[in-house]
Amino acid sequence: MSKKETLKNLPPPKKMGFNSQISFYFFFFFFITSLDFIQETNASEYNESRLLMKGCNLFQGKWVFDPSYPFYLPSKCPFVDPEFDCHGRPDKQYLKYAWKPDACSLPRFNGASFLGKWRGKKIMFVGDSLSLNMWESLVCMIHASVPNSKTTYVRRDPLSFVNFEEYGVTLYVYRTPYLVDIVREKVGAVLHLNSINGGKAWKGMDVLIFNSWHWWTHKGKSQAWDYIRDGSALHKDMNRLLAYYKGLSTWAKWVDTNVDTTKTKVFFQGISPTHYEGREWNQPKRSCNGELQPLSGSKYPVGAPPAAAIVNTILRKMMKPVYLLDITTLSQLRKDAHPSTYSGDHSGNDCSHWCLPGLPDSWNQLLYAALLV
């Protein structure tokens, strides 16, 4: 509220004595001064956070125990899907870890501040169920800050959204596991490595956060296509890393051609790891099931997956700036953070997705920090 708006909205004072008038104007002066102080303090905190993070690698660090976590409880957030709801897990320590960069401190997420900064804006996550994981996390984090704020919540396939009506902020998630198209042809479902028709729905956003990888590795009954089309050539299959490189190259051309990065901030979510193979952290008989704490240190024993190198290669070649949310290594350290057998919507052992609350909240805290910078 500005001084002008405050003066305009105040009712005319009733007739009062001299001492009462002095008291009234003293109170009014104090009120206006307080508003300015609050606004200056918020700006100071914002600028201080930017200064602290300048030149800092947000993704190089370690996990530390933080008793103030989590940001919210699943029972208090109406947006968490059963597949990410791990309330049945008997252990709760996985909720209490915060990501600590080596060279700076992350600003604590403030949902009300986020809504104020992005008032009237549109933010979209585009990708597979890991995008859904991150979207639900962000919606819950904001909701926890403004629990009484009125929302509109719509779930459809491929496009869902939550609108925080008081602020005019809308968070979308668009489901497209490969980013490129799957087209029904005479031979069956064909993965087109060179086309993106769904991109029409991604235009006009103020922030775009893309993600794709997990579905590129699926085979057998979990594979979503029958053939791959690369230009005019039709393949029954091909090397999946090569297919991913070609598909992500098509996405990069789409961004370079269709996104005005002076108006739209573009992020790539990075490769989210799985923890089915305990040999990766030198425990060959283990998986994520039963893991109770993160790996110590800041390096994962087997290094990053090959898909992460492809993402880096593609982003370096792009004309438009895309910020990499480099979540891979810090997520590899969190072998304890999956639903495992406690997912409410997946049979078996889920070491692909992440519990909410949990690791995706840290992804969004990093997004929050990146948007400040």
Side-chain angles (χ1 to χ4, degrees), residues 80-86 88 125-136 155-160 173-198 210-230 233-248 250-251 269 271-280 284-290 305-308 310-311 328 331-332 335 337-356 360:
V80 177
D81 281 344
E83 65 182 310
F84 309 135
D85 186 346
C86 303
F125 292 84
V126 182
D128 57 25
S129 55
L130 277 308
S131 293
L132 180 66
N133 219 170
M134 190 173 177
W135 174 75
E136 290 186 13
R155 288 296 298 270
R156 296 194 185 109
D157 190 24
L159 183 64
S160 301
V173 60
Y174 187 96
R175 185 182 183 278
T176 173
Y178 301 95
L179 297 179
V180 292
D181 299 328
I182 292 181
V183 178
R184 178 63 59 178
E185 298 186 20
K186 290 181 179 180
V187 293
V190 180
L191 179 64
H192 281 229
L193 297 180
N194 310 114
S195 73
I196 296 180
N197 290 318
F210 292 96
N211 153 67
S212 182
W213 169 238
H214 275 212
W215 279 75
W216 292 86
T217 65
H218 289 187
K219 295 185 178 182
K221 292 182 179 179
S222 63
Q223 180 177 296
W225 45 264
D226 302 304
Y227 290 88
I228 296 176
R229 184 173 292 285
D230 181 17
L234 191 66
H235 304 276
K236 186 61 180 174
D237 204 348
M238 71 165 59
N239 178 282
R240 299 306 177 85
L241 285 170
L242 176 59
Y244 182 59
Y245 178 85
K246 289 175 177 286
L248 210 59
T250 299
W251 163 81
Q269 187 175 329
I271 302 299
S272 176
T274 63
H275 289 96
Y276 290 104
E277 302 289 340
R279 59 180 173 78
E280 292 184 357
K285 295 182 179 180
R286 304 295 296 269
S287 71
C288 72
N289 189 18
I310 290 176
V311 171
T328 302
S331 301
Q332 285 178 315
K335 58 185 172 61
H338 296 281
S340 64
T341 58
Y342 296 98
S343 168
D345 198 38
H346 273 274
S347 59
N349 187 29
D350 184 358
C351 297
S352 296
H353 302 103
W354 307 93
C355 292
L356 293 181

**pair His214-Ser272: side-chain heavy atoms closer than 4.5 Å** = yes
**Complete:** On a heavy-atom basis, the closest approach of Gln332 and Pro305 is NE2-CD, 3.6 Å
**Item:** 4.5 Å side-chain heavy-atom contact, Phe84 and Asn133
**Value:** yes
**Pairing residues for Arg279 by the side chain to side chain donor-acceptor pair (under 3.5 Å) criterion, not counting sequence neighbours** = none
**Message:** For Tyr276 and Ser352, which I'm curious about, is there any donor-acceptor pair between the side chains at under 3.5 Å?
**Reply:** yes
**Item:** Atom pair OG1 (Thr274) and CH2 (Trp213), whose distance is rounded to the nearest 0.5 Å
**Value:** 10.5 Å
**Request:** Apply side chain to side chain contact (heavy atoms under 4.5 Å, CB included) to the pair Asp226 and Val187, showing each step before the final yes or no.
**Result:** CA-CA 8 Å; Asp226 302 304; Val187 293; over 6 Å; no
**Request:** Over all heavy atoms of both residues, which pair between Glu136 and Leu356 is shortest? Give the atoms and the distance, please.
**Result:** CB-CD1, 3.8 Å
**Item:** Distance-only donor-acceptor check, side chains Trp216 and Ser212, under 3.5 Å
**Value:** yes
**Asked** Centre of Trp215's six-membered ring, under 6.0 Å away, within 45 degrees of the axis: is that where NZ or CZ of Arg175 sits?
**Response** yes
**Asked** What distance do Gln269 atom CD and Asp128 atom CG have between them, rounded to the nearest 0.5 Å?
**Response** 7.5 Å
**Request:** For side chain to side chain contact (heavy atoms under 4.5 Å, CB included), just list the numbers for Glu83 and Leu132, CA-CA rounded to whole Å, side-chain angles, deciding distance to a tenth of an Å, and then say yes or no.
**Result:** CA-CA 11 Å; Glu83 65 182 310; Leu132 180 66; 4.0 Å; yes
**Item:** Residues Asn289, His275; criterion side chain to side chain contact (heavy atoms under 4.5 Å, CB included); working and verdict
**Value:** CA-CA 9 Å; Asn289 189 18; His275 289 96; over 6 Å; no
**Message:** Any non-hydrogen side-chain atom of Tyr244 less than 4.5 Å from a side-chain atom of Val311?
**Reply:** yes
**Message:** Between Cys288 and Asn349, does the side chain to side chain contact (heavy atoms under 4.5 Å, CB included) criterion hold? Intermediate values first, please.
**Reply:** CA-CA 8 Å; Cys288 72; Asn349 187 29; 3.8 Å; yes
**Item:** Over all atoms of both residues, closest heavy-atom pair of Pro339 and Cys86
**Value:** CA-SG, 3.5 Å
**Asked** Do the non-hydrogen side-chain atoms of Tyr227 and His235 ever get within less than 4.5 Å of each other?
**Response** no
**Any Leu193 side-chain heavy atom under 4.5 Å of Met238 side chain** = yes
**Request:** Output the distance between atom CG (Leu248) and atom CZ (Phe210), rounded to the nearest 0.5 Å.
**Result:** 10.5 Å
**Message:** I want to check something: taking the side chain as every heavy atom from C-beta on, are Ile310 and Leu241 in contact at a cut-off of under 4.5 Å?
**Reply:** yes
**Asked** In Å and rounded to the nearest 0.5 Å, what is the CG to CD distance from Asp237 to Gln223?
**Response** 6.0 Å
**Request:** Taking all heavy atoms of Thr176 and all of Val126, pick out the closest pair and write down the distance.
**Result:** CG2-CG1, 3.5 Å
**Message:** Can you list everything that forms a side chain to side chain contact (heavy atoms under 4.5 Å, CB included) with Arg156? Sequence neighbours excluded, please.
**Reply:** Val154
**Complete:** Rounding to 0.5 Å, atoms CD1 (Ile182) and CD1 (Ile228) come to a distance of 10.0 Å
**Prompt:** Do NZ/NE/NH1/NH2 and the carboxylate oxygens of Lys335 and Glu280 come within less than 4.0 Å?
**Reply:** no
**Request:** Could you pull out the closest heavy-atom pair between Pro360 and Cys355, with the gap in Å?
**Result:** CD-O, 3.8 Å
**Message:** Whether the side chain of Asp181 engages the backbone of His192 through a donor-acceptor N/O pair (distance < 3.5 Å, no angle test) should be reported.
**Reply:** no
**Item:** Interatomic spacing from CG in Leu179 to OG in Ser131 - rounded to 0.5 Å
**Value:** 8.0 Å
**Message:** Holding to side chain to side chain contact (heavy atoms under 4.5 Å, CB included), I want the full list of residues that pass it with Leu159, two or more places apart in sequence or in another chain.
**Reply:** Met124, Tyr172, Tyr174
